[in-house]
Amino acid sequence: MERVALAFSGGLDTTVCVGLLEEEYGYDEVVGVTVDVGQPDEEFEEAEETADALGVEQYVVDAREEFATLCLDSLKANATYQGYPLGTALARPVIANAILETAKEHDCDAVAHGCTGKGNDQLRFEAVWRDSELDVIAPVRELELTREWEMEYAEERGLPVESGNEGDWSIDTNLWSRSVEGAKLEDPGYVPPEEIYEWTDAPGEAGEADLVEIEFEDGEPVAVDGEEYGPVELIEYLNDLAGAYGVGRTDMMEDRMLGLKVRENYEHPAATVLLNAHESLEGLVLTQEERDFKTQVDQQWSNKAYQGLIDAPLVGALEGFIDETQSRVTGTVTVKLEGGSARPVGRESEYAAYSEDAASFNTETVEGQNITQKDATGVAKYHGFQGRLANKVIDAQDKKTLATDGSGDGDE
Ligand code: ARG
């Protein structure tokens, strides 16, 4: 008896995959696995109903805590890809691992996903699965299915297919972000209607400004407005709070791993508040050279996360540096939520690499350092010296050429 575990959402792709795994691939039994990374309740209801109707065993794995912890960890690397806080990308390895474990527990011979051959998710899932002894199956990609073909197949067999938004958009939701793509949104010039947004109110119509205080410990947010929250609750709370001010909408062109450019729309209120607050606190406690170097480290970390490769040795090495810096990222940031933005407006930390005394216009000397304003005179004299000298040399050479050929550089 051959069994296959399928990453199951109850959506069109995975619903069609159930039949195909039996008919085309010859499996005796399909086990549906739905991993909870914070999707809305309706998605689980839909998955359960569809699984029932199809007669497949279905397992739901709660990975919210693990996923939320990973999202908050990603803040330490100020993680974004081309401006997107990586919700879908960070969720995939968590989902893939949960499916693999469930597959093994239930004696499956293979694992399958319903991703197409055009997106990123096939790569992220398989990066985790290819390491196991189980067979990896991707029916949509391997059988080159189109959405139209799937619709027809489902209709012919009377399979239950999601109604929701009449299949207009393809939506991927988890705690960290909600992504909307496909249909009319594929035209980069098409201005999306308000109805694609569910987590954020229109920024123009949002309420008056609100201040929110985020407390960080070693680079991780632990409390909001003096109240401690666990990772899941903290993200949920901020999604609600900041979403009401229209915070965290991203409408962008995204370069996928295969090289395709796609138009993506995201909502991520909590991620935006936390990313802005975290970066602002780093600005207070890290030195200029640490901040400068860290932007490169952060970008490398984010790229690996986008690729679904957070287990790569490079990531561990980057985290060595990141964690070293985060031991000082402890303190509080006040963020103003207003008209679609989450702007840090105050920050404090016991690790502040900041001397009010030194920066102030009101003091004569830097205390304990024996440095006065006048000491900057020498620095000011040298500042830009090399450039001034080089410009003089260039001018002199230009004059020489002009004098010898009489016609400048001869281009005119
Ligand atoms: N392009 C994004 C990523 O690769 C998210 C895609 C989400 N999928 C969806 N059906 N909306 O991370």
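For ligands, and for the atoms within them, numbers begin at 1 and follow the listed sequence. This structure is a prediction, so every number in the text was calculated from the model and none was measured. These values consider heavy atoms only, across backbone and side chains, with no hydrogens, waters or symmetry-generated copies.
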For this session: Assess the side chains of Y197 and E195: does a donor N or O sit below 3.5 Å from an acceptor N or O?
Result: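 Judged by distance alone, the side chains do not pair up.
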Pairs under 3.5 Å, N/O atoms on ligand 1 and on the protein: can you put them in a table with the distances?
| from | atom 1 | to | atom 2 | distance (Å) |
| --- | --- | --- | --- | --- |
| ligand 1 | 1 (N) | E254 | OE2 | 2.8 |
| ligand 1 | 1 (N) | E264 | OE2 | 2.8 |
| ligand 1 | 1 (N) | Y266 | OH | 3.3 |
| ligand 1 | 4 (O) | N120 | ND2 | 2.7 |
| ligand 1 | 4 (O) | R124 | NH1 | 3.1 |
| ligand 1 | 4 (O) | R124 | NH2 | 3.0 |
| ligand 1 | 10 (N) | S170 | OG | 2.6 |
| ligand 1 | 10 (N) | E181 | OE2 | 3.4 |
| ligand 1 | 11 (N) | S170 | O | 3.1 |
| ligand 1 | 11 (N) | S179 | OG | 2.7 |
| ligand 1 | 12 (O) | Y84 | OH | 2.6 |
| ligand 1 | 12 (O) | R124 | NH1 | 3.1 |
| ligand 1 | 12 (O) | R124 | NH2 | 3.0 |

Cationic N near anionic O, under 4.0 Å, [X] to [Y]:
| X | Y | value |
| --- | --- | --- |
| D172 | R92 | yes |
| R249 | E194 | yes |
| R3 | E57 | yes |
| E290 | R328 | yes |

Centre-to-centre under 6.0 Å for Y59 and H106, is that the case here?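 So the answer is yes for these two rings.
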